[in-house]
K.L.:
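First the structure, which I've put down as structure tokens, then a few questions once you've had a look.
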There are 2 protein chains.
Amino acid sequence: MSSTRLLILGVLHDETLNGYEIRRRLELWGADQWANVAFGSIYHGLTKMSQEGLLEIVEKGRGGSTVYGITDIGRQEFQRLLAEAWWRVKPVIDPFQAALTFMNHMPKEQLLSALGSRSAQLRSLLAMCEPAIEGKVQYGAPRHITECVRLNMARTRAELDWIEDAIPRIEKDELP
Amino acid sequence: MSSTRLLILGVLHDETLNGYEIRRRLELWGADQWANVAFGSIYHGLTKMSQEGLLEIVEKGRGGSTVYGITDIGRQEFQRLLAEAWWRVKPVIDPFQAALTFMNHMPKEQLLSALGSRSAQLRSLLAMCEPAIEGKVQYGAPRHITECVRLNMARTRAELDWIEDAIPRIEKDELP
DNA sequence: AAGTTTGTATTCAAATTTGAGTAGCTGTCA
DNA sequence: TGACAGCTACTCAAATTTGAATACAAACTT
């Protein structure tokens, strides 16, 4: 259901890696910005999918690390999950909407200063992404990864636009 | 960490309700589009927060339902969580980005038809929201709830724009 | 050379989320 | 009138996620 399995299988599609490296790879791809890729999630996924035969242990502990590789069934499952992810539109989980829902419980002052702060935070997030978009930075991630960054930026800009629009309306007491 | 607690506390801020009604209320507000509000999550939150003293049982089972109300500590916690939700920018969890990440593992044909399908699905989602925005439908949700819908639509449009932009690029083999 | 930070690699308990199932009640339609 | 659908209200096991803790090695500092 969540994308953790898909991500792990995808990372292991062409190489064998240990849990730590997988997590690193995902971070490189910016997956920490839009998925649950805490170490715990990764290691859990690895042991679970090994039990299910989607992965196999290529190199066991013995002082060294535990390296995983994908199996044939794992590859099939990868394709299945990937197709599903492409075809099925699933809702985006967004903590800010919960904040929005209770807008009316915040004093006007706080609302305005929180929005100001968010606006600044979002702007600097966008600024941080610029170099990646312009191809300045290519840490070895495939080129199409920039598309994730683009989409992310577009979403962020959407929130920013909402904020810029909301601020004057709150000032004029049209909101909430 | 997630918004479930905030949502439950917020719903119970001004009235006492049972688990089922809480879930209904949240659905009315569209929370199922951007939060984890499965029944299990709600009921778990209710029992947990009761144990912690944030909620109290106002009316116990006895054939009837278990009705919860918020306590003073619960109100404090609500304010705390609300402030945090407003000030701290937290990442949005988006399953589609995982799909995007492995774009290169999909044959061009499938990519194009999946995008076509998504585009249609997103358009109809947007169409469904229109009446809510124009104030045609007010099932009793506070007026500022439309702001959630607006923001949601803006995000959806961002994805749609990305798709419209990507389709020709894929056709021209500029992607992946 | 001892002490401190930083990076690698993992584990674990506790918290949360999912998804499916149960059971009672109400309306309705034949 | 009885059977079947749909709504209300909830439970539960299994899966996942979180957040913090651990351990050990390399690098850096004083």
Side-chain angles (χ1 to χ4, degrees), chain A residues 1-9 11 16-28 31-52 54-55 57-68 77 81 84 88 90-95 98, chain B residues 1-9 11 16-28 31-52 54-55 57-68 77 81 84 88 90-95 98:
Chain A
M1 298 299 96
S2 99
S3 25
T4 310
R5 278 164 175 258
L6 176 59
L7 288 170
I8 293 175
L9 291 169
V11 169
T16 61
L17 296 170
N18 66 37
Y20 189 78
E21 291 166 329
I22 294 172
R23 159 65 222 226
R24 281 280 134 141
R25 185 66 51 95
L26 289 173
E27 196 184 349
L28 187 66
D32 51 334
Q33 290 306 301
W34 41 260
N36 307 118
V37 290
F39 283 108
S41 306
I42 303 298
Y43 283 103
H44 169 75
L46 287 173
T47 48
K48 204 72 207 312
M49 291 197 290
S50 291
Q51 285 162 21
E52 292 168 13
L54 306 180
L55 299 179
I57 293 173
V58 168
E59 207 181 305
K60 178 71 184 181
R62 52 155 188 86
S65 62
T66 308
V67 177
Y68 292 85
E77 180 67 358
L81 289 173
E84 194 181 322
R88 266 253 257 297
K90 283 203 295 179
V92 164
I93 301 299
D94 178 6
Chain B
M1 302 299 97
S2 100
S3 24
T4 310
R5 278 164 174 257
L6 176 58
L7 288 170
I8 293 175
L9 291 170
V11 169
T16 61
L17 295 170
N18 67 36
Y20 189 77
E21 290 166 329
I22 293 172
R23 159 65 222 225
R24 279 288 134 137
R25 184 66 51 94
L26 289 173
E27 196 184 350
L28 186 67
D32 51 334
Q33 290 306 303
W34 42 262
N36 307 118
V37 290
F39 282 107
S41 304
I42 303 298
Y43 283 104
H44 168 75
L46 288 172
T47 48
K48 204 71 209 311
M49 290 198 289
S50 291
Q51 285 162 20
E52 293 169 12
L54 306 180
L55 299 179
I57 293 174
V58 169
E59 209 181 303
K60 179 71 183 182
R62 53 156 186 88
S65 61
T66 309
V67 177
Y68 292 85
E77 179 67 358
L81 290 173
E84 193 180 323
R88 267 254 257 296
K90 283 203 295 179
V92 165
I93 301 299
D94 179 6

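Chain naming here is simple, since letters A, B, ... match the order of the sequence lines and numbering starts at 1 in each.
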K.L.:
Could you run down the sub-3.5 Å N/O contacts of the protein with nucleotides 22-26 of chain C?
P.N.:
none

K.L.:
Applying side-chain hydrogen bond (donor to acceptor under 3.5 Å, both in side chains), name anything that partners B/T4, two or more places apart in sequence or on another chain.
P.N.:
B/S2

K.L.:
Find the distance A/D32:CG to D/dT18:C1' and express it as a whole number of Å.
P.N.:
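Value for this atom pair: 15 Å.
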
K.L.:
Please set out all donor-acceptor pairs under 3.5 angstrom arising from side-chain atoms of residues 36-48 of chain A, sequence neighbours excluded.
P.N.:
{"from": "A/Y43", "atom 1": "OH", "to": "A/Y20", "atom 2": "N", "distance (Å)": "3.2"}
{"from": "A/T47", "atom 1": "OG1", "to": "A/Y43", "atom 2": "O", "distance (Å)": "3.2"}
{"from": "A/T47", "atom 1": "OG1", "to": "A/H44", "atom 2": "O", "distance (Å)": "3.0"}

K.L.:
Sequence neighbours excluded, which residues qualify as side chain to side chain contact (heavy atoms under 4.5 Å, CB included) partners of B/E77?
P.N.:
B/L9, B/L54, B/R80, B/L81

K.L.:
Which nucleotides of nucleotides 11-19 of chain C have their base under 4.0 Å from a protein heavy atom (B), which only their sugar-phosphate (S), and which neither (-), written as one string 5' to 3'?
P.N.:
BB--SBBBB

K.L.:
Report the distance from atom CG of A/L26 to atom CD of A/Q33, rounding to the nearest 0.5 Å.
P.N.:
13.0 Å

K.L.:
What protein N or O atoms touch nucleotides 6-8 of chain D N or O atoms at under 3.5 angstrom, if any, and at what distances?
P.N.:
{"from": "D/dT8", "atom 1": "OP2", "to": "B/Y20", "atom 2": "OH", "distance (Å)": "2.7"}
{"from": "D/dT8", "atom 1": "OP2", "to": "B/R24", "atom 2": "NH1", "distance (Å)": "3.1"}

K.L.:
Under a 4.0 Å N-O cut-off, is there an ion pair linking B/K90 with B/E84?
P.N.:
no

K.L.:
To the nearest 0.5 Å, tell me how far A/I8 CD1 sits from A/M49 CE.
P.N.:
4.0 Å

K.L.:
In whole angstroms, how far is the C1' atom of D/dT18 from the CD1 atom of A/I93?
P.N.:
16 Å

K.L.:
Nearest 0.5 angstrom please: B/S50 OG to B/E52 CD, how far?
P.N.:
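That separation rounds to 9.0 Å.
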
K.L.:
I need the CD1-C1' distance between B/I57 and D/dA9, as an integer number of Å.
P.N.:
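It is 14 Å, rounded to the nearest whole Å.
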
K.L.:
Measuring from atom OG1 of A/T16 to atom OH of A/Y68, what distance do you get when rounded to the nearest 0.5 angstrom?
P.N.:
12.5 Å

K.L.:
For B/E27, what residues pass the side-chain hydrogen bond (donor to acceptor under 3.5 Å, both in side chains) criterion, not counting sequence neighbours?
P.N.:
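With neighbours one apart ignored, the set is B/R23.
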
K.L.:
Enumerate the residue pairs fulfilling salt bridge (Lys or Arg N to Asp or Glu O under 4.0 Å) with a member in residues 31-43 of chain B, sequence neighbours excluded, ordered by first and then second residue.
P.N.:
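For residues 31-43 of chain B, and leaving out neighbouring residues, there are no salt bridge (Lys or Arg N to Asp or Glu O under 4.0 Å) pairs at all.
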
